[in-house]
Amino acid sequence: QVQLVESGGGLVQAGGSLRLSCVASRSIFSVNAMGWYRQAPGKQRELVGSITSGGRTNYADSVKDRFTISRDNAKNTVYLQMNNLKPEDAAVYYCNFVRLGGSIVIPLASWGQGTQVTVSS
């Protein structure tokens, strides 16, 4: 059973930055695409972006040019750098292994506990 542990969330003012981390418990990390998701209260979980095993990234339009996903395969870790945060970015953020198929992104593992991001206006 793969475990995913997210960290790095917190309270930040609008316009500020945060860097989230997600550590996977197994070494299969390096051969898998990873995705970052978020879920705001009362809303469905949504895909923020993804990164392939080779480092190619893709982002939701709402975060493009503000968020950056990167990975360190040696540390089984994927990162989400969030800049110019907006109140609408407030949510619990999760990572997961994903299967990429064109416009379809499918999460593969059980969800971790996530990390809360709060943005004050």
Side-chain angles (χ1 to χ4, degrees):
Q1 182 77 6
V2 175
Q3 286 189 318
L4 299 161
V5 180
E6 302 91 348
S7 63
L11 172 63
V12 63
Q13 286 188 330
S17 298
L18 281 174
R19 188 195 195 202
L20 307 184
S21 299
C22 167
V23 180
S25 62
R26 291 177 62 180
S27 61
I28 59 172
F29 175 89
S30 64
V31 299
N32 280 275
M34 298 293 295
W36 278 100
Y37 292 78
R38 66 186 181 187
Q39 186 168 21
K43 294 187 177 181
Q44 288 190 331
R45 188 173 291 163
E46 64 174 355
L47 179 68
V48 172
S50 62
I51 184 168
T52 67
S53 58
R56 182 166 32 184
T57 55
N58 195 31
Y59 302 95
D61 287 342
S62 59
V63 306
K64 204 170 290 184
D65 298 325
R66 298 188 299 122
F67 290 11
T68 302
I69 299 174
S70 60
R71 63 191 298 161
D72 184 337
N73 291 338
K75 296 182 178 179
N76 289 355
T77 302
V78 62
Y79 303 98
L80 179 64
Q81 176 67 43
M82 305 186 295
N83 297 328
N84 189 21
L85 281 159
K86 303 176 180 180
E88 53 263 41
D89 295 318
V92 179
Y93 282 72
Y94 304 86
C95 69
N96 208 329
F97 293 93
V98 294
R99 179 178 298 140
L100 303 177
S103 61
I104 304 298
V105 180
I106 301 173
L108 299 176
S110 298
W111 296 100
Q113 84 288 350
T115 186
Q116 176 73 52
V117 172
T118 303
V119 184
S120 63
S121 56

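Only this structure's heavy atoms are used, side chains among them; waters, hydrogens and symmetry mates stay out. Every value quoted in this text rests on a predicted model; they were computed, and no experiment measured them.
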- If you take all heavy atoms of Cys22 and Met34, which pair is closest and at what distance? SG-CE, 4.5 Å
- Task: Please go through Val5's hydrophobic cluster and name the other residues, only I, L, V, M, F, W, Y counting, with side-chain heavy atoms under 4.5 Å joining them.
- Result: none
- Scan Asp72, Thr77, Leu4 and name whichever one has a side chain to side chain contact (heavy atoms under 4.5 Å, CB included) with Val23. Thr77
- Query: Of all heavy-atom pairs between Thr118 and Ala90, which one has the smallest distance, and what is that distance?
  - Reply: CA-CB, 4.3 Å
- Item | side-chain contact (heavy atoms from CB on, under 4.5 Å) evaluation trace for Ser50 with Leu100 | CA-CA 9 Å; Ser50 62; Leu100 303 177; 3.9 Å; yes
- Task: Taking all heavy atoms of Ala33 and all of Thr52, pick out the closest pair and write down the distance.
- Result: CB-CA, 4.0 Å
- Query: Would Asp89 and Lys86 pass as an ion pair if we require N to O under 4.0 Å?
  - Reply: no
- Query: With the 4.5 Å side-chain cut-off for hydrophobic clustering, are Val2 and Ile51 part of the same group?
  - Reply: yes
- Closest non-hydrogen atoms of Ser121 and Pro87, given as atom of the first, atom of the second and distance, are CB-CG, 3.9 Å
- Item | Inter-residue atom distance Trp36.CH2 - Thr115.OG1, 0.5 Å rounding | 7.5 Å
- Message: More than 12 heavy atoms of other residues, nucleotides or ligands under 6.0 Å from CD of Gln113: yes or no?
- Response: yes
- Distance in Å, Arg99 CZ paired with Asn32 CG, rounded so as to fall on 0.5 Å steps: 9.5 Å
- Message: For the backbone of Arg66 and the side chain of Asn84, can you confirm whether one donor and one acceptor N or O come within less than 3.5 Å of each other?
- Response: no
- In this structure, NZ of Lys64 is separated from OH of Tyr59 (nearest 0.5 Å) by 10.5 Å
- Message: Go through it in stages, so that I can follow the logic: the residues are Tyr93 and Met82, the test is side-chain contact (heavy atoms from CB on, under 4.5 Å), and I'd like the CA-CA distance, side-chain angles, deciding distance and then a yes or no.
- Response: CA-CA 11 Å; Tyr93 282 72; Met82 305 186 295; 3.8 Å; yes
- In this structure, CD of Gln81 is separated from CG of Leu20 (nearest 0.5 Å) by 8.5 Å
- Query: Is there a chain of hydrophobic side chains (I, L, V, M, F, W, Y, each step under 4.5 Å between heavy atoms) that links Leu85 to Tyr79?
  - Reply: no
- Query: Under 3.5 Å, is there a donor-acceptor pair between the Arg71 and Asn73 side chains?
  - Reply: yes
- Task: Take Arg38 and Glu46 through the side-chain contact (heavy atoms from CB on, under 4.5 Å) test and state the conclusion after the steps.
- Result: CA-CA 5 Å; Arg38 66 186 181 187; Glu46 64 174 355; 2.6 Å; yes
- Any side-chain heavy-atom pair from Ile106 and Val98 closer than 4.5 angstrom? no
- Item | Spatial distance of atom OG (Ser70) from atom CG (Leu80) [nearest 0.5 Å] | 8.5 Å
- Message: Under 6.0 Å between ring centres: does that hold for Tyr37 and Trp111?
- Response: yes
- With the side chain counted from C-beta on, respond yes when Tyr94 and Gln39 share a heavy-atom pair under 4.5 Å apart, and no when they do not. yes
- Task: Any chance you could measure Ser62, atom OG, to Phe67, atom CZ, to the nearest 0.5 Å?
- Result: 7.5 Å
- Query: Out of curiosity, does Leu47 fall in the hydrophobic cluster containing Val117 (side-chain heavy atoms, cut-off under 4.5 Å, transitive links)?
  - Reply: no
